[in-house]
Amino acid sequence: MELIHTCAQLLAPVVTNAQLLALMSISETRREEITSALTSTTGRFPDAESSSSRSEQNVELRGIATSRGIAIGPVYRLDDPVDLDHVEYSARESLVEEREDLMKALAETRSEIEEAREASGSRFGPEFAAVFHTQIQILEDKGFVDNIEQAIASKKNALLALRSVLDSYRETFERIEDEYFRERGVDIVDIGHRIMEKLLGVRSPVAPMQPGSVVVVDQVLAGLFARLEMDQVAAIIAEHGGSTSHGAIFARTLEIPAVTGATGILAEAQQGESCIVDGATGRVYLQPDEALLAYYRDAQREYEVAIEHLDALRGRPAETRDGKPVTLSANVGLLNDLRQADQHGAEGIGLFRTELLALAHRGFPSQEEQDQLYRRVVEHVSPRPVTIRTLDLGGDKGIPNVGMPDEENPQLGLRSIRLTLENRRAFRAQLRAILKASAFGPTKLLLPMISSIEELREAKALLEDVRARFEREGKDFDRTMPVGIMIEVPSTAISADVFAREADFFSIGTNDLTQYTLAVDRGNERVAHLYDGLHPAVLSLIDLSVKAAARANIPVSICGEMASNPLAIPILVGLGIGELSLVPAAVPFAKEIIRALDVRDVAEDARKALTASSARDVHEIAASRLLGAGLLDHPDIGAWLRNAVEEASGFS
Ligand code: PEP
Ligand code: MG
């Protein structure tokens with residue numbers, strides 16, 4: 001408490017907004033809440049150029065097919081933020097005009113954030129809207145605005161004034177010993193950068209993002225989804241990255257077509273030029289001619305009709321021809337994703353990734369926000385079950401403010417359950433929220449990236465504490481809420497029997513399991529050709545896990561992206577997997593495949609796959625099964641399957 005008062009005293013001269021100051025003086029036990037109040041924003045600064053000077057048409061680039069769907073729209077380059085510390089700027093002669101420019105920049109920043117808040121809130125749900133709300137709080141802080149006013153009066157240069165105010169904030173925050181509060185300073189500085197961009201924009205207006213834009217970026221990092229005005233985004237193309245990075249997964253969940261690893265796109269794509277993105281084949285065309293546009297408009301319509309048709313049949317059961325049911329549930333990360341899960345007929349939520357809330361807030365979310373979010377999810381999905389996964393940050397899901405160190409090997413470092421166990425206060429808050437939600441419908445708790453039995457025991461002991469407290473307080477909760485683990489690390493699959501004795505269920509995270517088994521970074525396009533969940537070694541680990549689960553009589557599901565790979569579905573069903581949890585849009589596609597299979601046949605395929613010599617051999621086994629089942633002629637999914645069979649090497 002001492003420390004927090006010191007922080008408040010230090011900050012008082014620069015921050016006067018009651019809400020912001022209050023953040024510095026509330027009790028330490030509510031520290032997580034603070035994170036939600038000071039958040040940061042984009043550093044976007046698009047090229048001023050808004051139309052193409054290209055004469056060549058139909059310039060084709062090939063990348064990795066990452067998120068299905070076709071988009072046609074103008075390119076919006078999201079280049080690295082301009083180095084605002086070194087940008088050239090000359091002040092106007094009149095101080096009045098200079099001040100006007102700065103105030104206009106402040107007002108524009110504010111209305112831009114307000115618009116973004118409304119649009120993102122309605123498309124993606126309250127989690128995203130909350131981020132913008134706190135940014136507005138910072139802009140409304142009287143101390144912030146007063147300091148800017150004073151600085152401009154003395155410096156007579158808007159950019160210098162803004163810089164000096166930001167420097168003083170930075171210095172003040174840097175003097176705070178506590179790492180948590182020190183890092184909050186970055187967020188205020190980020191807002192300042194956004195104002196600077198606007199200020200520079202006042203002098204040389206830049207093209208705003210058009211609705212239906214095709215965003216071109218270096219990499220699809222998970223944080224991008226909290227930075228961008230996503231309601232304007234029709235598709236994403238990234239120069240780097242693979243199809244199972246977390247950013248790629250979020251694009252699929254949001255049903256935004258995406259191509260990653262599109263080498264050359266940053267050099268080629270010009271701001272504002274017309275572009276076609278085919279997320280199913282990984283093809284990108286710049287400056288398409290009329291014939292190509294007409295072809296893709298037709299393909300886009302056909303895809304939409306197929307989805308509509310399949311959605312209309314969503315009530316049909318997912319079971320094989322010989323009657324084996326396979327549960328098809330959805331992987332989601334936002335409240336609004338539930339709409340997609342319903343629309344496509346998911347039988348529950350097999351994986352609720354809770355990181356998006358943390359990514360949107362750039363820190364641990366507050367207790368109240370989590371209480372509300374999980375409760376709403378569980379209530380909405382009930383009586384179908386929801387599996388809520390505890391925070392899985394780190395690796396390629398880096399955010400400030402959670403005590404994440406800079407690491408040489410973040411994928412092998414303090415990520416996921418390891419990070420959570422080091423941040424017990426935040427972990428407890430999350431366990432409390434999940435346990436509270438369990439009173440409103442069937443809820444399961446999932447622990448990610450468990451690599452030692454002690455981690456499972458420690459997490460269960462913490463949950464036990466929370467449970468005991470709830471009992472004492474007479475709170476409502478599900479006393480039988482199952483606690484499962486993700487199998488994502490080879491050692492855990494090998495020792496699956498040990499874990500099966502203490503876990504209530506297994507969920508196999510093949511994205512990480514593949515990465516760690518084959519020693520291939522899931523987000524690196526240079527080694528994407530080596531990343532393949534159908535590798536017999538990965539299948540053997542899945543097989544070990546399935547058998548251990550059967551011996552212990554606990555359920556096992558797959559929640560990695562492999563579950564929506566058409567070539568993997570027959571093999572996974574053949575291995576005895578009873579539940580696939582996939583991106584919502586893939587549910588109807590997977591159902592059509594399952595309904596055409598026979599368990600006896602695919603069990604034989606799986607047996608052959610386990611002893612195959614390479615992933616390529618497994619692709620062939622699976623491809624001939626899809627062909628033999630007549631699926632390549634299916635009116636709705638045939639085109640997609642033909643493509644998958646042809647380009648099998650591009651799939652996980
Ligand atoms: C996985 O690793 O397969 C998984 C589902 O978790 P994530 O993709 O969120 O790491
Ligand atoms: Mg994982």
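In this text the structure is predicted, and so the values were computed from the model without any measurement. Counting starts at 1 for both ligands and their atoms, in listed order.
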Worked verdict on Asp543 versus Lys547 for salt bridge (charged side-chain N to carboxylate O under 4.0 Å, His left out): CA-CA 6 Å; Asp543 187 47; Lys547 287 184 172 143; 2.9 Å; yes

Worked verdict on Asp278 versus Arg283 for salt bridge (charged side-chain N to carboxylate O under 4.0 Å, His left out): CA-CA 5 Å; Asp278 182 348; Arg283 288 192 177 91; 5.4 Å; no

Step-by-step salt bridge (charged side-chain N to carboxylate O under 4.0 Å, His left out) determination, Asp497 to Arg551: CA-CA 8 Å; Asp497 279 312; Arg551 280 190 288 275; 3.1 Å; yes

Derivation and outcome, salt bridge (charged side-chain N to carboxylate O under 4.0 Å, His left out), residues Lys608 and Asp617: CA-CA 9 Å; Lys608 284 194 203 136; Asp617 291 354; over 6 Å; no

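Using modelled atom types, one finds no donor on one side chain facing an acceptor on the other under 3.5 Å when comparing Ser243 with Glu561. Using modelled atom types and a 3.5 Å distance limit, the side chains of Thr260 and Thr66 yield a donor-acceptor pair.
In the vicinity of Cys559, heavy-atom distances shorter than 4.0 Å reach the ligand 1 atoms 5 (C). Counting the atoms of ligand 1 from 1 in the order shown, those under 4.0 Å from a heavy atom of Asp392 are 9 (O), 10 (O). The distance from ligand 1 to the heavy atoms of Arg353 drops below 4.0 Å at these ligand atoms: 4 (C), 5 (C), 6 (O), 7 (P), 8 (O), 9 (O). Close approach of ligand 1 to Leu351 (heavy-atom distance below 4.0 Å) involves ligand atoms 5 (C). For ligand 1, the atoms closer than 4.0 angstrom to any heavy atom of Arg522 are 2 (O), 7 (P), 8 (O), 10 (O).
Taking the ring axis of Phe505 as reference, the NZ or CZ atom of Lys444 stays within 45° of it and closer than 6.0 Å to the ring centre. Annotation: cation-pi pair Arg68/Phe589 present, NZ/CZ under 6.0 Å from the ring centroid and within 45° of its normal.
Residue Asp512 approaches the Mg ion (ligand 2) most closely through its N/O/S atom OD2.
If you check which protein heavy atom lies closest to atom 10 (O) of ligand 1, you get His246 NE2, 2.7 Å. Shortest contact from atom 2 (O) of ligand 1 to any protein heavy atom: Glu488 OE1, 2.7 Å.
Backbone or side-chain N, O or S atoms of Glu488 reach the Mg ion (ligand 2) at under 2.8 Å.
Residue contacts with ligand 1 for Ile508 are absent, since no atom lies close enough (heavy atoms, distance under 4.0 Å). Counting heavy atoms under 4.0 Å from ligand 1, residue Arg389 touches it through the side chain alone. Contacts of Asn331 with ligand 1, taken as heavy-atom pairs under 4.0 Å, are absent altogether. At a 4.0 Å heavy-atom cut-off, ligand 1 does not touch Glu561 at all.
Contact between Met486 and ligand 1 is present, with at least one heavy atom of the residue lying under 4.0 Å from the ligand.
Here CD of Gln219 is found 12.5 Å from CD1 of Ile236. Values are rounded to the nearest 0.5 Å.
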